[in-house]
Amino acid sequence: MAAEVVMPKLGMAMKEGTVSTWNKKVGDSVSKGDMIASINSEKIEMDIEAPQDGVILDILVQEDVGVPPGTIICYVGKPNEQLTEQNSSANELQAPKNEVAAAISLEEPPANAAPSKKRKETVLISPIARKIAESENLNVETIKGTGPKGRITKADVEKVLAERASEASRPPREIDKAIKKETLPVAGMRKVIASRMHNSLLNSAQLTINMKADVTDLLSLQREIKDVIQQLHKVKISLTDFIARAVVLSLQEHKQMNSAYIDNEIHLYNHVHLGMAVALENGLVVPVMQHAEKMSLVELAAEIKTRAADARQGQLATDRMQGSTFTITNLGAYGVEYFTPVLNPPETGILGVGATEDVPMYKGDELQKRNLLPLSLTFDHRVLDGAPAANFLGTIKQYLEQPILLLL
């Protein structure tokens with residue numbers, strides 16, 4: 001009997017999953033445990049295995065198409081096995097109301113009309129796609145569907161409308177045939193990042209202030225203690241770990257920065273759930289160090305490295321990406337100095353860390369080479385004003401310039 005392969009639920013908050021790649025096509029032989037497809041949700045990617053030996057009988061969800069968890073994406077069965085009507089209609093019963101694909105018949109001409117040369121045809125199209133097409137006077141027969149079984153989706157109709165608008169706005173000149181472009185679908189992790197960052201800028205009053213911290217003594221301290229900590233705790237202490245510790249201590253002194261603006265209320269937190277942005281090949285995630293205020297420098301450093309490694313390997317649990325009260329993002333490795341981080345909603349603040357720079361500075365009457373670290377703080381002006389935000393950033397600077405305080 002044919003086995004159903006369904007879109008798995010990769011976390012309680014998952015609403016949609018996308019098939020990023022099919023490794024097999026219809027008719028291909030598979031063995032139980034073979035990787036037949038790669039799927040991704042908002043922040044997690046994983047491979048799908050064949051549930052039994054056999055062949056791929058049918059693929060119901062094409063690449064880059066999002067479907068809810070539990071939706072059948074393909075069938076695996078014996079060669080030449082026929083799918084029953086119950087199998088073929090399973091996804092129709094599972095689809096959400098606003099995306100149920102329906103087979104509609106094009107209207108037949110009236111009885112007294114001249115007979116058409118074209119017989120009645122059936123087009124697979126979702127109701128919302130049909131509604132948009134009708135309102136824009138689009139001929140659905142000319143639209144290529146990318147959904148399961150070639151169904152026309154909302155995205156297909158919107159693509160046709162966008163192409164029509166582009167053609168209409170193009171100036172009357174000869175098109176350069178040498179110009180080519182590549183269009184990439186916005187799906188999975190990129191879709192979530194795009195939505196969250198856009199909503200962040202739309203729904204908050206963001207302002208960024210900058211400051212430099214002299215981390216010459218801090219870097220010296222790091223060199224002095226790194227070997228000892230490595231031997232005793234098997235942890236490699238980095239500059240990022242010291243910065244994270246300084247932020248945690250500063251947040252405990254400036255409660256208003258450790259907060260969130262939710263439903264016209266400011267929520268102040270006693271705990272510090274510190275988010276650390278981690279860049280991945282196709283996006284970024286923010287692992288959360290829960291109750292960072294209870295951790296020592298070494299404990300915090302170990303936690304940061306463990307969560308970052310989990311994130312890069314795609315093994316970070318969903319609950320480890322939720323509930324952050326403040327975030328740090330570091331672009332120093334790319335040579336960036338100052339930049340404008342975008343708030344991770346509903347947080348009040350995010351600290352951007354740049355690349356250290358060697359500069360000549362006077363210490364008293366003596367000219368010395370010092371290491372300066374650029375810091376960029378973005379905060380929500382609805383929650384606090386520039387002066388308290390500057391005081392918070394100044395406290396971080398103080399901890400970084402007096403690094404012995406970070407060890408206490």
Side-chain angles (χ1 to χ4, degrees), residues 11-15 41-44 186 188-210 240 243-248 250-252 254-263 265-280 282-293 300 303-304 307-308 310-312 316-332 334 336 338-354 375-384 388-389 392-393 396:
M12 294 300 295
M14 176 178 171
K15 296 180 180 179
S41 67
E42 296 179 348
K43 294 186 177 180
I44 300 176
V186 180
M189 185 182 298
R190 176 49 50 194
K191 182 177 180 181
V192 174
I193 293 172
S195 175
R196 285 181 60 83
M197 295 298 95
H198 184 244
N199 289 335
S200 174
L201 290 170
L202 284 178
N203 298 315
S204 60
Q206 301 191 24
L207 175 65
T208 302
I209 58 176
N210 304 309
T240 298
I243 296 170
R245 174 67 172 162
V247 168
V248 171
S250 299
L251 287 171
Q252 292 178 282
H254 299 267
K255 298 287 188 181
Q256 203 171 3
M257 187 61 71
N258 192 45
S259 64
Y261 189 97
I262 304 174
D263 296 332
E265 294 179 337
I266 298 173
H267 296 241
L268 302 177
Y269 301 113
N270 292 322
H271 61 272
V272 177
H273 287 355
L274 185 65
M276 299 291 294
V278 175
L280 305 178
N282 58 342
L284 63 86
V285 294
V286 182
V288 179
M289 316 308 128
Q290 297 172 348
H291 292 289
E293 80 281 1
L300 182 58
E303 183 76 0
I304 290 172
R307 299 306 164 201
D310 289 344
R312 294 188 180 99
L316 191 64
T318 302
D319 61 352
R320 288 292 182 176
M321 294 184 283
Q322 299 174 344
S324 56
T325 61
F326 189 91
T327 297
I328 298 174
T329 178
N330 193 332
L331 294 180
Y334 303 95
V336 175
Y338 295 109
F339 57 104
T340 306
V342 178
L343 289 177
N344 184 17
E347 298 170 14
T348 293
I350 180 171
L351 180 69
V353 180
L375 302 173
S376 303
L377 174 69
T378 296
F379 64 94
D380 191 342
H381 216 317
R382 297 176 302 170
V383 177
L384 74 169
F392 168 73
L393 190 55
I396 296 175

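Positions are given from 1, in the same order as the sequence printed here. No experiment lies behind these values; they were computed from the predicted model shown.
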So, for [X] and [Y], which heavy atoms are closest and what is the spacing to 0.1 Å?
| X | Y | answer |
| --- | --- | --- |
| N330 | G354 | OD1-O, 4.4 Å |
| H254 | P388 | ND1-O, 4.5 Å |
| L384 | A389 | CD1-N, 3.8 Å |
| D380 | S204 | OD2-CB, 3.6 Å |
| L268 | S259 | CD2-CB, 3.6 Å |
| K255 | Y269 | CD-O, 4.2 Å |

query: So, Y334 versus F339, ring centres under 6.0 angstrom or not?
result: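 Centroid distance Y334-F339: not below 6.0 Å, so no.
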
[X] [atom1] to [Y] [atom2] distance, which is reported to the nearest 0.5 Å:
| X | Y | atom1 | atom2 | answer |
| --- | --- | --- | --- | --- |
| N258 | Q252 | CG | CD | 8.5 Å |
| N344 | T378 | CG | OG1 | 12.0 Å |
| T327 | I350 | OG1 | CD1 | 5.0 Å |
| F392 | I209 | CZ | CD1 | 9.5 Å |
| E347 | F379 | CD | CZ | 15.5 Å |
| N203 | L343 | CG | CG | 11.5 Å |

*Report the C-alpha separation of R307 and M276 in whole Å, then their side-chain angles, then the decisive distance to 0.1 Å, and conclude whether the side chain to side chain contact (heavy atoms under 4.5 Å, CB included) test is met.*
CA-CA 9 Å; R307 299 306 164 201; M276 299 291 294; over 6 Å; no

Indicate yes or no: at least one non-hydrogen side-chain atom of [X] is less than 4.5 angstrom from one of [Y].
| X | Y | result |
| --- | --- | --- |
| H273 | M289 | no |
| H291 | V272 | no |
| I243 | I396 | no |
| V353 | T240 | no |

Can a donor-acceptor pair be found between the side chains of [X] and [Y] at a distance below 3.5 Å?
| X | Y | result |
| --- | --- | --- |
| N210 | S376 | yes |
| T348 | Q256 | no |
| Q206 | S200 | yes |

- Could you give me the CA-CA distance, side-chain angles and deciding distance for M189 and K191, then say whether side chain to side chain contact (heavy atoms under 4.5 Å, CB included) is met? CA-CA 5 Å; M189 185 182 298; K191 182 177 180 181; over 6 Å; no

Q: Show your reasoning for whether side chain to side chain contact (heavy atoms under 4.5 Å, CB included) applies to Q290 and E303.
A: CA-CA 9 Å; Q290 297 172 348; E303 183 76 0; over 6 Å; no

- With a cut-off of 6.0 Å (strictly less than), are more than 12 heavy atoms of other residues, nucleotides or ligands near NE2 of H198? no

Worksheet item: Judged by atom type as modelled, is there a donor-acceptor pair below 3.5 Å linking the side chain of D263 to the main-chain atoms of E265?
Response: no

Item to check | Derivation and outcome, side chain to side chain contact (heavy atoms under 4.5 Å, CB included), residues L377 and M257 | outcome: CA-CA 11 Å; L377 174 69; M257 187 61 71; 4.0 Å; yes

